[in-house]
Amino acid sequence: MIADFVKNESVSDELVREYEKKLPLEIIELWKKYGFGSFYNGYLKVIKPQMYINVLERSYFQGNVSIPVFATAFGDLITWEKINS
């Protein structure tokens, strides 16, 4: 439970379907339960990947295989990267 979550937007079913095979179930469940917004007194934001993918692709050497899922208040992106074994 995230006690201080501030919801900015709901996550559409279409977006869930687009990412449910790309992201861990825990992130999809977080989206469904809370939506997009911030918590930890605004320090962490649950973000729409499409809003940050261009920045990630231009600034991170693995930007083409990473999915941005969180952003910090300092502008850091936290990503999901599937490791192929």
Side-chain angles (χ1 to χ4, degrees):
M1 173 180 225
I2 304 172
D4 68 339
F5 194 87
V6 177
K7 184 176 183 177
N8 295 329
E9 182 181 345
S10 295
V11 179
S12 70
D13 292 338
E14 180 182 334
L15 193 65
V16 168
R17 283 191 299 277
E18 180 181 346
Y19 283 96
E20 64 188 350
K21 299 234 189 278
K22 299 175 185 177
L23 292 172
L25 180 59
E26 293 85 356
I27 293 175
I28 298 299
E29 289 175 352
L30 178 81
W31 284 5
K32 288 179 179 179
K33 183 173 183 176
Y34 294 100
F36 297 122
S38 61
F39 58 106
Y40 290 140
N41 292 319
Y43 178 75
L44 277 178
K45 292 191 305 186
V46 180
I47 59 171
K48 245 188 218 182
Q50 304 92 315
M51 300 283 293
Y52 296 85
I53 198 77
N54 290 335
V55 171
L56 189 66
E57 288 175 346
R58 287 182 282 151
S59 63
Y60 180 46
F61 76 101
Q62 292 213 210
N64 61 335
V65 296
S66 300
I67 300 170
V69 290
F70 298 102
T72 71
F74 301 108
D76 301 308
L77 294 177
I78 300 169
T79 66
W80 168 255
E81 298 172 17
K82 184 174 181 182
I83 299 172
N84 295 322
S85 50

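None of the values given here were measured: they were computed from a predicted structure.
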Engineer: Specify the closest pair of heavy atoms between Val46 and Gly35, including all atoms of both residues, with the distance to one decimal.
Structural biologist: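 Result for this residue pair: CG1-O, 3.7 Å.
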
Engineer: Once the angle between the rings of Phe5 and Tyr34 is folded into 0 to 90°, is it parallel (under 30°), tilted (30 to 60°) or perpendicular (over 60°)?
Structural biologist: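 Aromatic pair Phe5/Tyr34 classed tilted.
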
Engineer: To the nearest 0.5 Å, tell me how far Leu23 CG sits from Glu29 CD.
Structural biologist: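 If we round to the nearest 0.5 Å, Leu23:CG and Glu29:CD are 12.0 Å apart.
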
Engineer: Quick check for you: to the nearest 0.5 Å, what is the distance between Ile78 atom CD1 and Ile47 atom CD1?
Structural biologist: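 One gets 8.5 Å once the value is rounded to the nearest 0.5 Å.
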
Engineer: Counting only heavy atoms not in Lys22 (residues, nucleotides, ligands), do more than 12 fall under 6.0 Å from its NZ?
Structural biologist: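 Enclosed: over 12 neighbouring heavy atoms sit under 6.0 Å from NZ of Lys22.
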
Engineer: Does CD belonging to Glu14 count more than 12 external heavy atoms closer than 6.0 Å?
Structural biologist: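 It does not: Glu14 CD has 12 such atoms or fewer within range.
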
Engineer: Partners of Leu15 by side chain to side chain contact (heavy atoms under 4.5 Å, CB included), sequence neighbours excluded?
Structural biologist: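 Scan of Leu15 (side chain to side chain contact (heavy atoms under 4.5 Å, CB included), adjacent residues dropped) gives Val11, Ser12, Glu18, Tyr19, Trp31, Phe36, Lys48, Gln50.
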
Engineer: Which heavy atom of Gly42 sits nearest a heavy atom of Ala73, and at what distance?
Structural biologist: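 Closest pair (atom of Gly42, atom of Ala73, distance): O-CB, 3.9 Å.
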
Engineer: If two hydrophobic side chains count as joined below 4.5 Å and joins carry through other members, does Tyr40 share a cluster with Ile2?
Structural biologist: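 Hydrophobic grouping puts Tyr40 with Ile2.
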
Engineer: Once you round to the nearest 0.5 Å, how far does CG of Leu56 lie from CE of Met51?
Structural biologist: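 Answer rounded to 0.5 Å: 14.5 Å.
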
Engineer: Taking only residues two or more places apart in sequence or in another chain, which ones pass side chain to side chain contact (heavy atoms under 4.5 Å, CB included) with Phe74?
Structural biologist: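 Per chain and number, Phe74 pairs via side chain to side chain contact (heavy atoms under 4.5 Å, CB included) with Tyr43, Thr72, Asp76.
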
Engineer: If you compare all heavy atoms of Ile53 against all heavy atoms of Gly63, which two are closest, and at what distance to 0.1 Å?
Structural biologist: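 In terms of heavy atoms, the two residues are closest at CD1-O, 4.5 Å.
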
Engineer: In Å and rounded to the nearest 0.5 Å, what is the CG to OG distance from Leu77 to Ser66?
Structural biologist: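 If I round to the nearest 0.5 Å, the distance is 10.0 Å.
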
Engineer: Donor-acceptor check, side chain of Asp4 to backbone of Phe39, threshold 3.5 angstrom: yes or no?
Structural biologist: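 No.
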
Engineer: Are Val6 and Val69 connected into the same hydrophobic cluster when the rule is that any two of I, L, V, M, F, W, Y join if their side-chain heavy atoms are below 4.5 Å apart?
Structural biologist: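 Per the 4.5 Å side-chain linkage, Val69 and Val6 are not co-clustered.
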
Engineer: In Å, rounded to the nearest 0.5 Å, how long is the span from CG of Leu30 to CG of Leu25?
Structural biologist: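 Taking CG in Leu30 and CG in Leu25, the distance rounds to 11.0 Å.
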
